[in-house]
Trainee: 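Sending over a structure as structure tokens; questions will come in a sec.
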Amino acid sequence: MTTMLTTADLGERALRHTRLRKAMAEQGLDVIVAFAPGWRRENVRYLTDAAVTGSVALVVLPMDGEPAAFSTRRTDLAAITAKGWVSDVAHLDFPGVTAFTERLAELRPSRVGIAHRELLPVAIDAALRKALPGTEFVSATSLLDNARLVKSDWELARMRRSATVCAAGWRKFVEVLEPGLPEYRIVAAVEGELKRLGAENNFMLIASGGDEVRGMTPPGRRLLEPGDMVRTELTPQMDGYWLQICRSAVVGKASDAQKRSFDLFNESVDAGLSVVKPGVTAHEVAVAQNDVFRRHGYGEYCTSQYTRVRGHGHGLHLDETPIIEGNHTVLPENAVFIVHPNTYTPIAGYHVLGDPVRVTASGHEVLIDTERKLFESEGAVA
Amino acid sequence: VIRGLVVLDPAEITDDEWAGRVSRLQERMAADGITIAFVYGDVYRSTDIGYLSNLCIYWNEGILAVPAQGRPTFLTKLSPRVHTWMRATSKVDDLRSGKAFGPLVAEFLTEQETGVVGLVDHPLWPVDLAAEITDAAPGWEIRSLGGLVREQRLVPSVAEVALARAGASAMRRAFDAATAPGLDDRERVALLERELRGHGFTDVLATATSETVEATGQYRHGWLHLAEPLDPGWTGPLGAVLRAIVGAVVPGATRQDLAAAAAPKVPAGVDWHVTCVNQADMATGGEYVPDEPIPAGAVVVVGVEVLLGDGHRVAAARTVLAGPDGAETLEGQ
């Protein structure tokens with residue numbers, strides 16, 4: 001069963017092919033291969049619009065002609081065909097990957113760019129070199145990353161749906177908080193809500209406790225206590241597109257320290273958002289956030305000892321370009337990323353706060369409507 | 001994406017059993033002349049590392065370095081900020097974080113007597129990382145190894161089977177609720193997510209269509225799967241096929257054997273396929289391994305899927321134990 005593509009779908013597919021082929025010409029590539037290991041499927045999604053699940057999926061996009069797609073999972077073949085973006089679809093054997101190498105060899109390429117070439121399994125790399133001994137293989141990871149950086153209206157419509165689900169997930173998170181509830185049951189409730197609303201996946205970390213909390217992890221059996229601050233980042237994926245919300249909530253009433261911590265982080269988010277406009281760099285957004293911590297005497301907590309990034313890009317991968325000092329990637333209009341200064345401070349422990357934004361022609365647009373505040377749960381507190 | 005309960009519970013797996021897993025690998029290493037075995041894992045395929053250490057790679061990548069003698073060391077791109085949590089939930093004390101594996105490996109190897117590095121499941125390693133390890137180990141012999149840890153995992157221990165039974169029982173209860181009449185597809189998936197994660201599953205992948213409901217779940221480090229058709233027109237026929245498949249699950253049987261047993265029961269003229277995946281391979285859907293005989297005592301996912309003409313599919317599957325007296329469906333039905 002193949003979905004009839006709308007005019008908008010056809011336009012989006014054509015836009016992507018044109019964008020990629022322009023970059024291919026600039027880099028002297030005859031073919032692009034999008035390689036998807038199980039944990040990095042964004043580029044195959046970009047070229048198929050299909051949610052593949054196989055351990056290995058590949059798409060071959062030649063400079064001229066139609067793309068072809070391959071997967072080690074048979075159910076993926078129907079999923080890709082059904083989307084209608086690629087009609088030449090074949091099952092992939094492992095480790096031979098014969099259908100893929102034969103299709104590629106037919107194109108007689110001199111130079112092939114492979115997105116996520118660095119993650120290509122040794123066995124597939126060997127099969128490629130054996131089948132195409134005279135071909136040069138280079139990484140096209142950055143090429144695809146750059147192509148995906150600026151979102152089209154078609155993509156933004158999907159991301160706005162993700163934003164709605166983000167907000168609903170956070171509401172459920174706060175709703176279930178009560179003393180005695182184990183962390184993993186919070187996650188179970190939120191996952192159920194996200195799936196009920198149509199999310200196809202979610203990335204979520206959590207931490208509960210007091211000022212001893214240094215970072216977020218998968219959930220454990222720890223039981224919530226009155227006064228705990230419960231931190232999370234929720235990242236549902238809708239129609240392929242991930243979007244994240246970062247918030248913290250207190251079980252019961254917030255302490256003065258927790259409120260002071262929130263004020264610091266909120267000021268930092270505001271500072272980060274204030275510099276967002278076309279042409280700003282990831283470095284500049286990070287500096288704006290970190291300067292708030294430095295001004296208040298908490299600069300050391302912006303280092304890698306305590307935190308990772310001050311945000312990151314969103315799209316078909318949940319953790320795209322990092323918002324971090326030293327990353328001078330330019331963020332053009334319609335780039336989407338989250339501004340989150342999440343880190344530990346001795347004020348109230350690890351604090352999580354952040355909003356996803358789109359770069360607009362004159363500044364930024366926050367994509368979620370969840371209030372930026374320190375939430376307090378209304379669950380039974382002794 | 002792993003986001004459920006991560007727990008280290010000595011009441012489930014004893015310290016002796018954890019130590020025995022590493023010792024067994026070290027015995028094999030000694031026999032093969034391997035000084036250090038590197039086991040690679042990422043957020044998608046990390047069951048080997050979980051089996052040896054209970055470490056959870058919830059994001060990114062990691063390498064478990066197992067010396068021929070002594071305790072393993074974990075090398076990871078995850079932040080040192082989570083070392084406290086990792087120590088609390090794993091059997092590894094020596095955790096080392098860095099932005100790249102090369103320097104971590106180089107530093108680790110300088111502390112060892114030069115010998116042979118073995119890359120476990122080498123054909124599956126990212127090609128650049130394998131090269132990075134080689135560059136970081138001058139003077140060392142680099143040897144490609146097969147799935148040594150997977151081989152250990154193919155037949156679960158008594159404790160692992162007990163966990164699998166507990167997980168399968170929970171999955172059956174959730175599944176019965178999720179397949180009740182009156183729910184839409186999203187509600188079925190939501191219910192499975194909520195109930196299974198609420199029971200302590202580490203990972204859940206649930207799907208529902210008008211034809212089939214399916215749930216794959218990881219309970220601790222063991223995998224379970226359940227699928228049933230919703231369409232009454234398929235319930236009877238696929239039930240008969242599934243019974244034939246389960247009845248053919250005996251030690252030594254292959255997927256082809258199961259397909260042969262199923263064939264007489266399959267309705268004529270349909271595009272069908274029998275699945276048989278050891279739970280040890282469920283993280284990757286069994287896609288990296290050939291059709292192998294089922295080992296005695298293994299837990300395997302077996303089933304049948306029928307591809308419908310309109311691109312849809314209908315499926316039935318169970319997780320079963322290949323015991324000496326035949327197959328036992330773990331969820332008890």
Side-chain angles (χ1 to χ4, degrees), chain A residues 1-2 37-40 53-56 72-75 78-79 81-82 92 94-95 117-126 139 182-185 187-189 191-198 201-206 214-221 235 304-308 319 344 350, chain B residues 1-7 9 42-45 56 58-61 79-82 84-86 88-89 119 122-130 144 186-187 189-202 204-206 273 283-285 287-289 305 307 309-313:
Chain A
M1 183 181 65
T2 301
W39 63 296
R40 296 303 300 265
T53 58
S55 298
V56 175
T72 50
R73 191 155 299 183
R74 291 184 187 281
T75 51
T81 303
L92 204 59
F94 186 89
R117 183 200 166 281
E118 64 281 1
L119 297 176
L120 204 64
V122 166
I124 298 181
D125 181 68
S139 175
E183 288 179 343
Y184 70 95
R185 297 280 297 278
V187 172
E191 290 289 342
E193 178 69 356
L194 296 176
K195 292 295 165 63
R196 189 182 69 79
L197 295 169
N201 208 338
N202 177 43
F203 180 77
M204 179 175 183
L205 296 175
I206 190 171
R214 295 290 179 123
M216 292 186 294
T217 65
R221 284 173 168 163
T235 325
S304 61
Q305 184 180 350
Y306 296 98
T307 187
R308 188 174 70 95
D319 192 18
Y344 167 84
Y350 199 79
Chain B
V1 179
I2 295 167
R3 52 186 178 271
L5 175 63
V6 175
V7 64
D9 188 341
D42 57 42
V43 65
Y44 178 74
R45 187 182 68 85
C56 170
Y58 61 88
W59 185 244
N60 221 306
E61 302 164 281
S79 164
R81 293 179 294 114
V82 295
T84 302
W85 172 78
M86 285 190 158
T89 56
L119 303 183
H122 177 238
L124 304 183
W125 277 62
V127 63
D128 280 13
L129 178 55
S144 173
R186 287 182 179 181
E187 288 169 332
V189 171
L191 197 152
L192 286 165
E193 287 275 356
R194 193 170 59 243
E195 293 301 315
L196 293 177
R197 291 188 191 281
H199 190 77
F201 274 65
T202 306
V204 177
L205 297 95
H273 180 78
T284 53
E287 292 159 10
Y288 287 139
V289 292
E305 65 175 354
L307 302 178
D310 56 1
H312 288 230
R313 59 190 281 279

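Just so it is clear, the values below take in all heavy atoms, side chains as well, and ignore hydrogens, waters and symmetry mates.
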Trainee: Select one option (side chain, backbone, both, neither) describing which atoms of Tyr350(A) are under 4.5 Å from chain B's heavy atoms.
Mentor: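 Contact with chain B: side chain only.
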
Trainee: Let's test your reading of the structure: which of Ile124(A), Val56(A), Leu92(A), Leu120(A) forms the most heavy-atom pairs below 4.5 Å with chain B?
Mentor: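 With the most close heavy-atom pairs to chain B, the winner is Leu120(A).
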
Trainee: Heavy-atom distances under 4.5 Å only: say whether Glu195(B) touches chain A with side chain, backbone, both or neither.
Mentor: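 For Glu195(B), there is no contact with chain A at all, as no heavy atom is under 4.5 Å.
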
Trainee: Does some side-chain heavy atom of Thr75(A) sit less than 4.5 Å from a side-chain heavy atom of Glu305(B)?
Mentor: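 They are in contact (side-chain heavy atoms under 4.5 Å apart), so the answer is yes.
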
Trainee: What part of Arg117(A) gets within 4.5 angstrom of chain B, counting heavy atoms only: side chain, backbone, both, or neither?
Mentor: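 Answer is both: backbone and side chain atoms of Arg117(A) are under 4.5 Å from chain B.
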
Trainee: Could you state the interatomic distance from CD (Glu191(A)) to CE (Met204(A)), rounded to the nearest 0.5 Å?
Mentor: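 Answer for the CD-CE pair, Glu191(A) versus Met204(A), is 6.5 Å.
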
Trainee: Is any side-chain heavy atom of Tyr184(A) closer than 4.5 Å to a side-chain heavy atom of Val7(B)?
Mentor: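 In short, these two side chains do not touch, never coming nearer than 4.5 Å.
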
Trainee: Quick check for you: among Ala188(A), Pro37(A), Ala189(A), Ser304(A), which has the greatest number of heavy-atom pairs under 4.5 Å with chain B?
Mentor: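 Looking at each option in turn, the highest pair count goes to Ala188(A).
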
Trainee: How are the rings of Tyr306(A) and Tyr344(A) set to each other: parallel, tilted or perpendicular (split at 30° and 60°)?
Mentor: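 Parallel: the ring planes of Tyr306(A) and Tyr344(A) meet at under 30°.
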
Trainee: Please look at Gln305(A) and chain B and tell me whether the side chain, the backbone, both or neither of the residue comes under 4.5 angstrom of a heavy atom of that chain.
Mentor: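 The backbone, not the side chain.
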
Trainee: Could you look at His273(B) and say if it's the side chain, the backbone, both or neither that has a heavy atom under 4.5 Å from chain A?
Mentor: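 Side chain only.
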
Trainee: Sort out for me which of Thr84(B), Leu124(B), Thr89(B) touches chain A most, counting heavy-atom pairs under 4.5 Å.
Mentor: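 It is Leu124(B).
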
Trainee: The criterion is ring pair (Phe, Tyr, Trp, His ring centres under 6.0 Å); which residues satisfy it with Phe94(A), sequence neighbours excluded?
Mentor: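 Once residues adjacent in sequence are excluded, the partners of Phe94(A) under the ring pair (Phe, Tyr, Trp, His ring centres under 6.0 Å) criterion are Tyr288(B).
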
Trainee: Contact part of Leu194(A) toward chain B, heavy-atom cut-off under 4.5 Å: side chain, backbone, both or neither?
Mentor: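 Neither the backbone nor the side chain of Leu194(A) comes within 4.5 Å of chain B.
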
Trainee: Only pairs of heavy atoms separated by less than 4.5 Å count here; which of Arg196(A), Lys195(A), Arg308(A), Met216(A) has the most with chain B?
Mentor: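 Top count of heavy-atom pairs under 4.5 Å with chain B: Lys195(A).
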
Trainee: For salt bridge (charged side-chain N to carboxylate O under 4.0 Å, His left out), just list the numbers for Asp9(B) and Arg221(A), CA-CA rounded to whole Å, side-chain angles, deciding distance to a tenth of an Å, and then say yes or no.
Mentor: CA-CA 11 Å; Asp9(B) 188 341; Arg221(A) 284 173 168 163; 3.1 Å; yes

Trainee: When only pairs under 4.5 Å are counted, which of Arg214(A), Glu183(A), Glu193(A), Arg74(A) shares the most heavy-atom pairs with chain B?
Mentor: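 Counting heavy-atom pairs under 4.5 Å, the top option is Arg74(A).
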
Trainee: Among Gly38(A), Gly54(A), Ser55(A), Pro121(A), who wins on heavy-atom pairs under 4.5 Å with chain B?
Mentor: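 The candidate making the most pairs under 4.5 Å is Ser55(A).
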
Trainee: Using a 4.5 Å cut-off on heavy atoms from C-beta on, say whether the side chain of Leu119(A) contacts that of Glu61(B).
Mentor: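 Yes, side chains in contact.
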
Trainee: Heavy-atom count around Arg185(A) CZ within 6.0 Å, excluding the residue itself: above 12?
Mentor: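 No, CZ of Arg185(A) has 12 or fewer neighbouring heavy atoms, counting only those of other groups under 6.0 Å.
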
Trainee: Taking all non-hydrogen atoms of both residues, which atom of Gly4(B) and which atom of Pro218(A) are closest, and how far apart?
Mentor: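 In this case the closest contact between Gly4(B) and Pro218(A) is O-CB, 3.9 Å.
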
Trainee: Given heavy-atom pairs under 4.5 angstrom as the criterion, report whether the side chain, backbone, both or neither of Trp85(B) touches chain A.
Mentor: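 Side chain only.
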
Trainee: Tell me, side chain or backbone of Arg45(B) under 4.5 Å from chain A's heavy atoms, or both, or neither?
Mentor: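 Neither part, no heavy atoms under 4.5 Å.
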
Trainee: So for Pro219(A), is it side chain, backbone, both, or neither that comes closer than 4.5 Å to the heavy atoms of chain B?
Mentor: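 Both backbone and side chain.
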
Trainee: What is the minimum heavy-atom distance between His122(B) and Ala130(B), and which atoms define it?
Mentor: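 Minimum heavy-atom contact is NE2-CB, 4.1 Å.
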
